[in-house]
Amino acid sequence: MDYNFREIERKWQDYWKNHSTYKVDIDQSKPKCYVLDMFPYPSGAGLHVGHPLGYIASDIYSRYKRLCGFNVLHPMGYDSYGLPAEQYAIQTGQHPAVTTTKNINRYREQLDKIGFCYDWSREVRTCDPKYYKWTQWAFIQMFNSYYDNDCDKAKPISELVSKFEGNGTASVHAACSEELSFSASDWAGMSQEKKQSVLMNYRIAYLADTKVNFCPKLGCVLANDEISEGLSIRGGYPVEQRVMRQWSLRVSAYAQRLLDGLDRLDWTDSLKETQRNWIGRSEGTEMKFKIKDQDLDFEIFTTRADTIFGVTFMVLAPESAYVDMVTTPEQRQAVDEYLAAVKRRTERERLADRRVTGVFSGAYAINPVTGKEIPVWISDYVLSGYGTGAIMAVPAHDSRDYAFAKHFNLPIIPVIEGCDVSEQSFDAKDGVMTNSGFLNGMTVKEAIAATKVYVKEHHLGRVKVNYRLRDAIFSRQRYWGEPFPVYYKDGIPYVLDESKLPLELPEVENFLPTATGEPPLGHAKNWCTSEGYPYELNTMPGFAGSSAYFLRYMDPHNDKALVSREANDYWKNVDLYLGGTEHATGHLIYSRFWNKFLYDLGVICEDEPFKKLINQGMIQGRSNFVYRIKDTNTFVSLNLKGKYEVTPIHVDVNIVSNDVLDIEAFKNWMPDFKNAEFILEDGKYICGWAVEKMSKSMFNVVNPDVVVEKYGADTLRLYEMFLGPLEASKPWDTNGIDGVHRFLKKFWGMFYEKDELKVCDSPLTPEELKSLHKLIKKVTSDVENFSFNTSVAAFMICLNELSALKCCKKSALETLCILLAPFAPHISEELYHALGHEGTICDAQWPKYDEKYLKESNCKYAISFNGKVKQTMELPVDMDKETVEKTVISSESVAKILAGKTIRKVIVVPGKIVNIVF
RNA sequence: GCCGCAGUGGUGGAAUGGUAGACACGAAGGACUUAAAAUCCUUUGAACAGAAAUGUUCGUGCGGGUUCAAGUCCCGCCUGCGGUACCA
């Protein structure tokens with residue numbers, strides 16, 4: 001009986017489905033393990049062979065944990081709201097819901113063929129109203145909350161209102177957009193409208209004017225990566241900076257907790273570092289500078305307060321509110337011209353062209369420490385969004401200030417001893433202070449500390465921590481996303497009552513923005529409350545739906561809560577999360593924020609969502625090329641192309657095998673090549689190759705369905721793991737797949753001779769036991785460490801050893817089946833049953849290894865002379881150091897080498913090596 | 001510029017500081033076969049010597065260092081990939 005993988009895989013996939021083998025429920029008698037894949041966005045292109053890599057790895061881990069006795073939650077779903085579906089809708093007139101469903105079905109079909117152990121009864125789709133009800137619910141909670149810096153958590157906005165009523169802002173330390181100060185009676189005297197606008201300053205989900213990239217032609221705000229050279233990537237329309245009223249989430253309030261939380265996570269250092277950089281904590285000083293002859297001062301932020309004596313000018317960001325206040329009448333025209341010029345430039349242009357520009361405001365500031373007058377300039381190298389949008393410029397010790405000073409011929413005063421600033425600034429934070437009054441003689445570090453004390457004592461400012469992390473802009477002028485549970489009454493936004501959720505996405509005639517520039521929801525009929533108050537027209541961005549889906553899987557059908565207390569107490573958080581690094585500063589920040597917020601509310605029991613995170617590498621494509629001789633239709637084989645002038649042309653990898661071109665298939669591939677001629681080597685056409693991104697245009701896309709059809713799911717799974725380390729990116733090369741396929745055929749062959757099961761019951765020999773236990777040990781530790789490629793190799797070695805021993809004993813084969821079950825579940829199930837087992841192999845027990853079988857009777861020593869190995873020798877493994885030393889030196893061959901030489905030192909590493917130095 | 005990761009045969013890749021190249025692909029040779037496929041066996045880092053067993057030398061991007069011993073640790077580079085960037 002041959003290894004008929006098609007029949008076996010169909011049979012077991014049906015069995016698992018019909019028996020709900022992978023359905024899990026809360027089981028207090030077992031420890032839980034939550035293994036999660038980042039859910040996919042189902043695009044129209046379907047899965048290529050790179051997508052399942054992480055899914056296979058997590059599947060192996062899930063199955064392994066289950067065999068170890070864990071109750072494993074391993075769900076899957078779809079991130080199904082988003083831009084591509086909507087773009088497709090605009091182009092083809094198809095409703096995004098239709099194309100999305102179609103794509104999901106296609107994904108499911110492809111996933112099912114690979115034999116994953118997902119509990120599909122828990123599937124979620126972010127575009128399903130039953131799901132996004134809870135996305136909207138979370139938004140309402142954020143709207144109704146503020147962040148209290150005193151107890152470092154989110155609290156109900158009603159508590160803030162009570163504080164205002166009692167004491168005004170006096171006892172309030174809350175995260176806000178703008179520091180406000182008013183008394184209780186001020187508060188009492190405010191209009192409803194005014195009160196709402198004050199509260200908006202504190203809400204965690206808030207509406208505010210924000211600077212955005214807006215594309216008038218597309219009628220939509222675009223993210224930075226959707227723009228190139230000031231033009232939209234889709235369509236090539238101009239993009240401009242615009243201030244728009246947008247919903248935002250106060251993620252910045254959580255900056256410190258997001259940073260601190262990283263220390264407790266089992267993530268890779270590089271990913272944690274990426275998040276740390278993104279959060280960008282920087283500790284410095286906020287200082288007030290007075291404007292000369294005006295009753296006006298403004299604040300700057302600096303991490304280098306020690307250089308205060310080197311300040312020779314000040315710079316305001318063009319958007320700064322102070323620009324207008326400080327500009328003198330004489331400079332007004334020049335400043336206005338500059339501001340207009342800056343406004344014309346897009347963000348992109350500004351970054352591409354870093355020529356120094358700026359204008360003098362006419363005003364002078366007073367250095368609070370030295371009392372000196374210094375000019376105030378305006379330049380776009382200072383960003384309005386960071387710090388206070390104003391800086392003190394120290395050209396001697398900051399390269400940007402230096403370039404500015406050189407360009408406008410401003411003085412440069414070095415304040416660190418011995419540095420040369422004639423050619424460039426000295427940015428390093430070391431050295432001894434000079435030209436700096438009371439700081440002279442201190443090191444930079446001491447001076448920073450001393451300045452902080454000075455600033456505090458003289459009430460010139462305060463110590464301040466700044467974060468680079470910004471609040472997340474949460475509005476999109478799009479159709480295919482979650483509607484906000486928000487309506488407007490007299491221009492003031494109110495959130496819907498929770499009982500009205502979900503607020504379902506309405507039908508619209510078309511998905512383009514309306515003529516009046518409103519988002520597509522402006523086309524919706526009756527898009528208002530029953531009282532006639534209009535709903536918000538924007539929708540939520542892509543990350544809204546993906547920020548809490550891991551919680552929903554715990555209790556996906558609950559319509560009373562996002563997740564029940566019971567389910568959350570049992571499943572807690574994700575033990576293993578698998579996905580790409582591209583989400584490091586997006587999804588992985590937002591979902592940590594979202595989770596912490598829900599934790600503050602007391603809705604969930606863990607404040608970090610993902611305990612361990614692994615980033616699987618990208619699978620790149622391996623493209624093939626043919627070489628056409630210029631101006632002909634003749635193609636020359638790889639190693640002969642040097643003699644001709646050739647053009648390399650991508651050729652479909654599916655008609656190339658081991659870099660040998662299938663010439664007939666090539667002629668039929670495209671009409672152009674019908675009459676192609678070939679210059680062959682050894683009768684074959686050899687193609688060139690290169691590693692590139694896997695994409696249609698490179699003709700290097702390999703579809704998993706095709707591989708499953710030809711080799712089976714088990715082979716695909718094993719091969720994807722065998723390809724290399726999980727976290728490395730590596731090219732897909734179908735050529736090597738025969739190796740693992742052969743392994744499975746051999747495995748099958750150990751059970752069957754012709755149609756007869758040839759398994760016998762005799763006990764295992766010491767050699768067989770050793771081979772088997774070596775494998776158990778290796779695979780167990782490899783799976784725990786996600787080193788799947790080496791465990792596949794270990795299977796091959798073990799199989800070769802057992803087959804050399806002609807072992808076809810039941811107990812050995814049974815163990816092999818269980819070990820292989822996570823990797824190749826179908827064949828393992830089939831053979832496990834052939835051995836007479838009932839039920840499913842998923843309920844078997846992971847075998848334990850016993851060191852006693854692994855002990856070597858002899859141990860190989862390498863004997864080296866002055867570090868170079870010249871001899872090897874077998875000695876009993878438990879021999880002590882001295883005996884090894886004596887035995888080795890007195891042995892015949894070693895004695896020959898040592899003859900007449902004086903031994904200086906003998907080093908014995910137990911069980912490994914004897915080193916003789918002479 | 002800054003941060004992170006990597007560099008080992010023809011290819012993908014193995015190596016708790018201890019015989020570098022596991023395992024697999026490919027290639028070459030052989031067996032079986034009318035033939036092919038499939039399967040099995042042998043060889044396969046490089047160079048040199050030898051009829052052969054075998055031996056010698058060189059070899060993990062480059063240059064130094066630590067060590068009896070370095071792909072692995074340290075210092076200085078080079079190259080490639082990824083992230084991020086007027087963040088004061």
Side-chain angles (χ1 to χ4, degrees), chain A residues 2 268-278 280-282 284-285 300-305 307 315 317 350-351 354 356 379-383 385-394 397-401 403-404 427 466-470 580-582 584-585 615 617-618 620 622 658-660 689 691 718-719 722-725 727-743 745-746 749 787 789-800 860-872 904-918:
Chain A
D2 284 338
T268 60
D269 288 338
S270 78
L271 197 91
K272 287 200 234 181
E273 203 50 33
T274 304
Q275 288 213 340
R276 284 193 192 104
N277 291 342
W278 187 257
R281 182 183 203 274
S282 98
T285 314
I300 60 96
F301 175 77
T302 180
T303 53
R304 291 298 302 274
T307 58
V315 188
R350 202 175 66 79
L351 291 173
R354 297 230 183 139
V356 176
S379 172
D380 64 355
Y381 84 90
V382 172
L383 304 178
Y386 185 78
T388 60
I391 60 155
M392 62 178 214
V394 185
H397 303 290
D398 182 287
S399 52
R400 297 154 300 179
D401 297 345
F404 194 82
D427 292 16
N466 250 324
Y467 299 92
R468 208 189 73 117
L469 186 70
R470 306 293 166 79
T581 22
E582 67 272 22
T585 54
N615 297 118
M618 272 239 293
Q620 299 143 304
R622 186 180 186 279
N658 282 326
D659 295 335
V660 176
W689 62 273
V691 173
L718 275 175
Y719 187 55
F722 187 65
L723 222 46
E727 303 189 64
S729 60
K730 55 231 166 220
W732 176 269
D733 182 358
T734 308
N735 290 335
I737 202 167
D738 288 322
V740 288
H741 191 61
R742 259 173 226 151
F743 160 76
K745 280 200 273 193
K746 271 191 225 164
S787 176
N789 55 329
T790 49
S791 39
V792 177
F795 278 116
M796 292 176 177
I797 295 167
C798 181
L799 201 68
N800 283 339
K860 211 168 192 181
Y861 280 90
I863 300 156
S864 74
F865 298 90
N866 291 341
K868 300 209 166 179
V869 173
K870 303 235 174 162
Q871 284 284 323
T872 58
R904 281 198 291 147
K905 211 182 199 176
V906 179
I907 295 147
V908 178
V909 179
K912 286 288 183 184
I913 201 159
V914 179
N915 198 343
I916 302 168
V917 187
F918 55 85

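Each chain gets a letter, A, B and so on, in the order its sequence line appears, and its residues count up from 1.
Between B:C81 and B:G29, the distance separating the two P atoms is 39 Å to the nearest Å. Only the C1' atoms considered, B:G4 is 24 Å distant from B:A88, to the nearest whole Å. Comparing B:G9 with B:G59, their C1' atoms sit 10 Å apart, to the nearest whole Å. Comparing the C1' positions of B:A15 and B:G45 gives a spacing of 16 Å, expressed to the nearest Å. B:A49 and B:U39: their C1' atoms are spaced 39 Å apart (whole Å). B:G21 and B:U72 have their C1' atoms separated by 15 Å, given to the nearest Å. B:G82 sits 25 Å from B:A14 when the C1' atoms are compared, rounded to a whole Å. Comparing the P positions of B:U19 and B:G65 gives a spacing of 24 Å, expressed to the nearest Å.
Taking syn as a glycosidic angle within 90° of 0, B:G9 qualifies as syn.
Taking the side chain of A:Thr274 as heavy atoms from C-beta on, and the options B:G83, B:G13, B:U11, the nearest nucleotide is B:G83. The side chain of A:Asn735 sits closest to B:C25 out of B:C25, B:G4, B:C23. For A:Pro731, counting side-chain heavy atoms from C-beta on, the closest listed nucleotide (B:C86, B:A85, B:G13) is B:G13. When distances are taken from the side chain of A:Val382 to each of B:C23, B:U84, B:A88, the shortest belongs to B:A88.
For A:Lys745, a side-chain nitrogen or oxygen approaches OP1 or OP2 of B:U39 to under 4.0 Å. In terms of phosphate contacts, A:Arg742 brings no side-chain nitrogen or oxygen within less than 4.0 Å of OP1 or OP2 of B:A24. Neither OP1 nor OP2 of B:C2 sits under 4.0 Å from any side-chain N or O of A:Asn277. Phosphate contact (OP1/OP2 of B:A88, side-chain N/O of A:Tyr381, threshold under 4.0 Å): absent.
For A:Met796 and B:G13, the CE to P distance is 15 Å, given to the nearest whole Å. Across the protein-nucleic acid pair, A:Phe743 atom CZ and B:G12 atom P stand 23 Å apart, rounded to whole Å. Protein atom CD1 of A:Ile737 is 16 Å distant from nucleotide atom P of B:A24, rounded to whole Å. Going from atom NZ of A:Lys272 over to atom C1' of B:C5 covers 17 Å, rounded to whole Å. Rounded to a whole Å, the CG atom of A:Asp738 is 20 Å from the P atom of B:U11. In this entry the distance linking CE of A:Met618 with C1' of B:G80 reads 15 Å, nearest Å. The CZ atom of A:Phe795 sits 13 Å away from the C1' atom of B:C23 (whole-angstrom rounding). As rounded to whole Å, 13 Å separates atom P of B:A85 from atom CG of A:Leu469.
The CG atom of A:Leu718 lies 11.5 Å from the NE2 atom of A:His741; values are rounded to the nearest 0.5 Å.
Using a 4.0 Å heavy-atom criterion, one finds that A:Asp733 contacts no nucleic acid atom at all. Residue A:Ile391 is classed as a base contact, given a heavy-atom separation below 4.0 Å to a base. Nucleic acid contact for A:Asn466: none, since no nucleic acid atom lies under 4.0 Å from a heavy atom of the residue. Nucleic acid contact class of A:Asn800 (heavy atoms, under 4.0 Å, all strands): sugar-phosphate only.
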Q. Under the side chain to side chain contact (heavy atoms under 4.5 Å, CB included) criterion, do A:Val356 and A:Tyr381 qualify, and how do the steps go?
A. CA-CA 8 Å; A:Val356 176; A:Tyr381 84 90; 6.0 Å; no
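Minimum heavy-atom separation, A:Ala305 to A:Thr285: CB-OG1, 3.6 Å. Residues A:Val382 and A:Ala390 come closest through the heavy atom pair CG1-N, 4.1 Å.
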(Q) Once pairs are restricted to Watson-Crick or G-U wobble with both distances under 3.5 Å, how does RNA chain B read as a dot-bracket string, [ ] for crossings and | for other-strand pairs? (A) (((((((..(((.....[....)))((((((.......))))))(((((....)))))..(((((..]....))))))))))))....
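Mapping A:Thr303 and A:Thr581 onto RNA chain B via the closest heavy atom, the residue that lands nearer the 5' end is A:Thr581. Each of A:Lys746 and A:Arg622 was matched to the nucleotide of RNA chain B holding its nearest heavy atom; the match closer to the 5' end belongs to A:Arg622.
Of the possible polar contacts, none joining the A:Asn466 side chain to the A:Ser282 backbone as a donor-acceptor pair under 3.5 Å is found. When atom types are taken as modelled, the side chain of A:Asp733 and the backbone of A:Arg622 share no donor-acceptor pair closer than 3.5 angstrom.
For the pair A:Ile391/A:Asp401, a side-chain contact is recorded, criterion being any heavy-atom separation below 4.5 Å from C-beta on.
Evaluation of the salt bridge (charged side-chain N to carboxylate O under 4.0 Å, His left out) rule for A:Arg470 yields no partner, not counting sequence neighbours.
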